Protein chains: 2
Amino acid sequence: MNIGDVSALSGVPAKTIRYYEDIGLIAPPRSANGYRVFGEADLHRLTFLGRARSLGFSIDDCRALLQLYEDNTRASADVKQIAQKHLARIDAKVEELTAMHRTLSHLIHACAGDNRPDCPILEDLATSPGPTRRSKA
Amino acid sequence: MNIGDVSALSGVPAKTIRYYEDIGLIAPPRSANGYRVFGEADLHRLTFLGRARSLGFSIDDCRALLQLYEDNTRASADVKQIAQKHLARIDAKVEELTAMHRTLSHLIHACAGDNRPDCPILEDLATSPGPTRRSKA
DNA sequence: CTTGACCTTCCAGTTAGTGGAAGCACTATC
DNA sequence: GATAGTGCTTCCACTAACTGGAAGGTCAAG
């Protein structure tokens, strides 16, 4: 298989596949003309990577997961731990975004959005920093 | 005021302040010794930037908001539009993360997490992109 | 033989900074 | 005046994970 074929089959862009080779996630051999030659194993790795990345795992996580994936003596606890840490990061991010959402939607609601200059959004942005003082209490 | 002073007052790191000058968000004059000299207006701009960034606005958004902030003839509608677009991006991100959370917590729950190799998480990651539909945003 | 699709490498750009080195400037102390 | 310590300056490199594009080699078809 050439790079275009595995790309189509795995859903991972050719450019990304080359990048993954660069950083050592895959190591396809080359044919006489210099083209990368991919086998079934490479296709599986790339599919695995595509799925893991789509779940938000970092490249470093992917590297570790891939190693466990190909280690038949692995302990599922190791996989679970990586996933749990990742889930915690996701939750933290969601919380952060949710806080932004709250503040922002509140401000948007308070803003007339007409052609006058008065704007609670700008007023909030201009407030001094310090201990997050979003509610007057 | 020197950079250390505005940094302490605005909460924006000195390094970041220099970066903001680099990309044209502020333009403090220099004193004879080459030090940047900050006035009240600069302090306000930096405070504004710090708050806007903490709400997740991009640097480009900040540039636009800052311009509106200092334009007394602005229409609050323009501010509101920027905020609404940003809110939409936040919502999209939250949805994406929530989808990840769902899948991941389901898989984690199904994984024994012991010293045996059987692992639903790895099994899912190894699935072709067909069955479990993922959408790219 | 030429066209076009596919492959190659390498360079640059993306976001929003952060870390660190080398070197002046200022203040205080001895 | 010499020295120490802190703060300021610039510049370069690095982060995450690609993506775009240029310049050029390869291959199958017509």
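Computed from a predicted model, the values in this text were never measured in an experiment.
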Q: Once you build an axis from the first five pairs and another from the last five of the helix from dC1(C)-dG30(D) to dC30(C)-dG1(D), how far apart in angle are they, to 10 degrees?
A: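 The end-segment axes of the helix from dC1(C)-dG30(D) to dC30(C)-dG1(D) are tilted 30° relative to each other.
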Q: At less than 4.0 Å, is any side-chain N or O atom of Thr16(A) found next to OP1 or OP2 of dA17(D)? Yes or no.
A: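 No.
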Q: Could you check Asp5(A) against Arg36(A) for salt bridge (charged side-chain N to carboxylate O under 4.0 Å, His left out), going step by step and ending with a plain yes or no?
A: CA-CA 11 Å; Asp5(A) 305 318; Arg36(A) 291 169 184 82; over 6 Å; no
Q: List in chain and number order the residues that pass side-chain hydrogen bond (donor to acceptor under 3.5 Å, both in side chains) with Arg116(B), two or more places apart in sequence or in another chain; answer none if no residue qualifies.
A: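 Expected list: Asp114(B).
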Q: Check Asp61(A) with Arg53(A), please: is the shortest side-chain N to carboxylate O separation under 4.0 Å?
A: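 So Arg53(A) does not pair with Asp61(A) through a salt bridge.
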Q: Hydrophobic clusters here meaning ILVMFWY residues chained together by side-chain heavy-atom distances under 4.5 Å, can you tell me if Leu97(A) and Leu55(B) are in one?
A: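 Cluster IDs for Leu97(A) and Leu55(B) match.
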Q: To the nearest Å, give me how far apart CZ (Arg63(A)) and C1' (dA17(D)) are.
A: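 In whole Å, dA17(D) C1' and Arg63(A) CZ are 12 Å from each other.
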Q: Once you apply a heavy-atom cut-off of 4.0 Å, does Ile3(A) come out as touching a base, just sugar-phosphate, or nothing?
A: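 Sugar-phosphate contact only - Ile3(A) comes under 4.0 Å of backbone atoms but never of a base.
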Q: Are Leu122(B) and Ile59(A) linked, directly or through other ILVMFWY residues, by side chains that come within less than 4.5 angstrom of each other?
A: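 Yes, Leu122(B) connects to Ile59(A) through the hydrophobic network.
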Q: Can you list, by residue number, the residues of residues 32-45 of chain B that have a non-hydrogen atom closer than 4.0 angstrom to DNA chain C?
A: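 Nucleic-acid contacts, sorted: Asn33(B), Tyr35(B).
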Q: Using whole Å, what does the distance between atom P of nucleotide dT15(C) and atom CG of Asp60(B) come to?
A: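 For the pair Asp60(B) CG and dT15(C) P, the rounded distance is 7 Å.
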Q: Using heavy-atom distances to pick each residue's nearest nucleotide on DNA chain C, tell me which of Lys15(B) and Arg53(B) is more 5'.
A: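 Final value for this comparison: Arg53(B).
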Q: Applying a 4.0 Å non-hydrogen cut-off, can you work out what Phe57(A) is touching in the nucleic acid: base, sugar-phosphate, or nothing?
A: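 Counting heavy atoms under 4.0 Å across all strands, no contact is made by Phe57(A).
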Q: Send over the distance from Glu21(B) CD to dA16(C) P, rounded to a whole Å.
A: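 Value for this atom pair: 19 Å.
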Q: So which of Ile17(A), Val12(A), Leu46(A), Asn2(A) actually passes side chain to side chain contact (heavy atoms under 4.5 Å, CB included) with Ser7(A)?
A: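 Considering Ile17(A), Val12(A), Leu46(A), Asn2(A), a side chain to side chain contact (heavy atoms under 4.5 Å, CB included) with Ser7(A) is found only for Ile17(A).
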Q: To the nearest Å, how far apart are Asp5(A) CG and dC27(D) C1'?
A: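 Atom CG in Asp5(A) sits about 14 Å away from atom C1' in dC27(D).
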Q: Report the distance from atom OH of Tyr20(A) to atom P of dC18(D), rounded to the nearest whole Å.
A: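 Answer to the nearest Å: 4 Å.
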Q: Please walk me through it: do Glu95(B) and Arg102(B) pass salt bridge (charged side-chain N to carboxylate O under 4.0 Å, His left out)?
A: CA-CA 10 Å; Glu95(B) 241 178 273; Arg102(B) 255 199 312 276; over 6 Å; no
Q: State whether the number of non-hydrogen atoms from other residues, nucleotides or ligands found under 6.0 Å of Glu70(B) atom CD is greater than 12.
A: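 Enclosed.
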Q: Nearest whole angstrom, please: distance from the P of dC27(D) to the CG of Asn2(A).
A: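 Computing the Asn2(A):CG to dC27(D):P distance gives 10 Å.
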Q: Grab the OH-C1' distance between Tyr19(A) and dG13(C) for me, whole Å please.
A: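 Distance, rounded to whole Å: 14 Å.
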Q: Heavy atoms, side chains only, cut-off 4.5 Å: are Lys80(A) and Leu107(B) in contact?
A: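 With C-beta onward as the side chain, the pair stays apart.
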Q: Can you tell me how far P of dT8(C) sits from CZ of Arg30(A), to the nearest Å?
A: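 Taking CZ of Arg30(A) and P of dT8(C), I get 6 Å after rounding.
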